[in-house]
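Here is the structure we will look at, set down as structure tokens.
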2 protein chains.
Amino acid sequence: MLSYTCKTAVKAVIYLASKYESGNNAGIKEISEYINASEHTVGKILQTLVKHNVINSVKGPSGGFFISKEQRKQTIINIVESIDGKQVFKECGLGLSKCSSTHPCPIHNDYKKARDIIEKLFGSKTIIDLCKPVNNGLTYLMG
Amino acid sequence: MLSYTCKTAVKAVIYLASKYESGNNAGIKEISEYINASEHTVGKILQTLVKHNVINSVKGPSGGFFISKEQRKQTIINIVESIDGKQVFKECGLGLSKCSSTHPCPIHNDYKKARDIIEKLFGSKTIIDLCKPVNNGLTYLMG
DNA sequence: AGAATAAAAGCACTTTAATACTTTTATTCA
DNA sequence: TGAATAAAAGTATTAAAGTGCTTTTATTCT
């Protein structure tokens, strides 16, 4: 469903948000170590997210990435759309470019149901929602 | 969710099955033209499906691929598992290797619901089910 | 102002998926 | 039996995704 890069993006943002309370910025190194991903990859991803106003960054000493209170209220669909694009939840289950309710592929109706659930999931869960279980130690971002 | 190759595989099998009534085999060229995919790619995919006993083939003149009455009763999950592997419907929404109900990722519960619907869809729809709308002209396999 | 820090940006490399090409094997038909 | 046909199988190429490295720019602190 999501690209590997996009999954990494979500994990990185959740880490960043779960660190929010501290008031400190997080550097690329710190983030990539925590979510067990390549430093360069994380750097690239976070740059893209800054461009899309999902997170913020500051250069220089004591710089790094951070997420504002307002930004934490975003749903994670913003992350997904920034990395994989807005069409992710519109794609046909069989890869047909012109699959729709009026011109459906053989699995259109059933596939759409599941796809809509995933879209709704990403469109309703906020970043805050997802970092709660991480802060509580109930879920993990690595492994 | 499914790889491009896997989507092509499903389309190829549906075409093959929708041709079943004619009693004739279908050649690679014919199939690839109908589903608008590369001849070589279709050849490779169908070879794999023959190995997994999803379809059959005969070499030589008037040879080609065909699907038996019994094979048409299979659900399309057999196609998916032959091409993309059995783990497709088990994967974590955030790409964690050890995500489960006892060790969940932050979106585990919701994501699993949708994933299970898709698994159920592919595990319940038979090849026959899917070629009916094609034969009726209600759905298409190209475009 | 200068040194140090850390992200931004651009370019290059690697890996994997997908596609293309070539040779081999099996079957049919004359 | 030999020619033609069509899939099987193996190899090579291409394209895309992901990763790595280097240079530039912005910021902070002394």
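Note that the structure is a prediction, hence the values are computed from the model and not measured. Letters A, B, ... are given to chains in the order of the sequence lines, protein chains preceding strands, and every chain is numbered from 1.
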Exercise. Spell out, as yes or no, whether a donor-acceptor pair under 3.5 Å connects the side chain of A:Glu39 to the backbone of A:Ser32.
Key: no
Quiz prompt | Comparing A:Pro61 and A:Gln47 on DNA chain C - which has the more 5′ nearest nucleotide | solution = A:Pro61
Quiz item: Are side-chain N/O atoms of B:Ser3 and B:Thr5 paired as donor and acceptor at under 3.5 Å?
Solution: no
Quiz item: Between A:Ile118 and A:Met1, is a side chain to side chain contact (heavy atoms under 4.5 Å, CB included) present by the stated rule, with each step listed?
Solution: CA-CA 9 Å; A:Ile118 298 182; A:Met1 177 62 60; 3.7 Å; yes
Quiz item: Does A:Thr5 have a side-chain nitrogen or oxygen under 4.0 Å from the phosphate oxygens OP1 or OP2 of D:dA17?
Solution: no
Self-check item: Rounded interatomic separation in angstrom, taking CZ from A:Phe66 and P from D:dT27
Solution: 12 Å
Quiz item: What's the CD-P distance between A:Glu39 and D:dC21, to the nearest Å?
Solution: 10 Å
Self-check item: Length of the line joining A:Ile28:CD1 and C:dA7:P, which is rounded to integer Å
Solution: 4 Å
Exercise. State plainly whether the residues B:Glu91 and B:Arg115 are in salt-bridge range, i.e. N to O under 4.0 Å.
Key: no
Quiz item: Below 4.0 angstrom from OP1 or OP2 of D:dG18, is there any side-chain N or O of A:Ser38?
Solution: no
Quiz item: How would you label the contact of B:Leu46 with the nucleic acid (heavy atoms, under 4.0 Å): base, sugar-phosphate, or nothing?
Solution: nothing
Quiz item: What integer distance in Å separates B:Phe65:CZ from C:dT27:C1'?
Solution: 14 Å
Quiz item: For the pair made of NE2 in B:His40 and P in D:dA7, what is the distance, rounded to whole Å?
Solution: 12 Å
Quiz item: Does B:Ser62 put a side-chain nitrogen or oxygen below 4.0 Å from OP1 or OP2 of D:dA6?
Solution: no
Quiz prompt | For atom NZ of B:Lys59 and atom C1' of D:dA6, their distance in whole Å | solution = 9 Å
Exercise. Indicate whether OP1 or OP2 belonging to D:dT19 is found under 4.0 Å from a side-chain N or O atom of A:Thr41.
Key: yes
Quiz item: Rounded to the nearest Å, what distance is computed from the CD atom of residue A:Glu30 to the P atom of nucleotide C:dA6?
Solution: 11 Å
Quiz prompt | Note: A:Asp129-A:Lys125 ion pair, threshold 4.0 Å (strictly below) | solution = no
Quiz item: In whole Å, what is the span from the CG atom of A:Asp84 to the P atom of D:dA17?
Solution: 9 Å
Quiz item: Side chain of B:Lys44, base of D:dT11: donor and acceptor closer than 3.5 Å?
Solution: yes
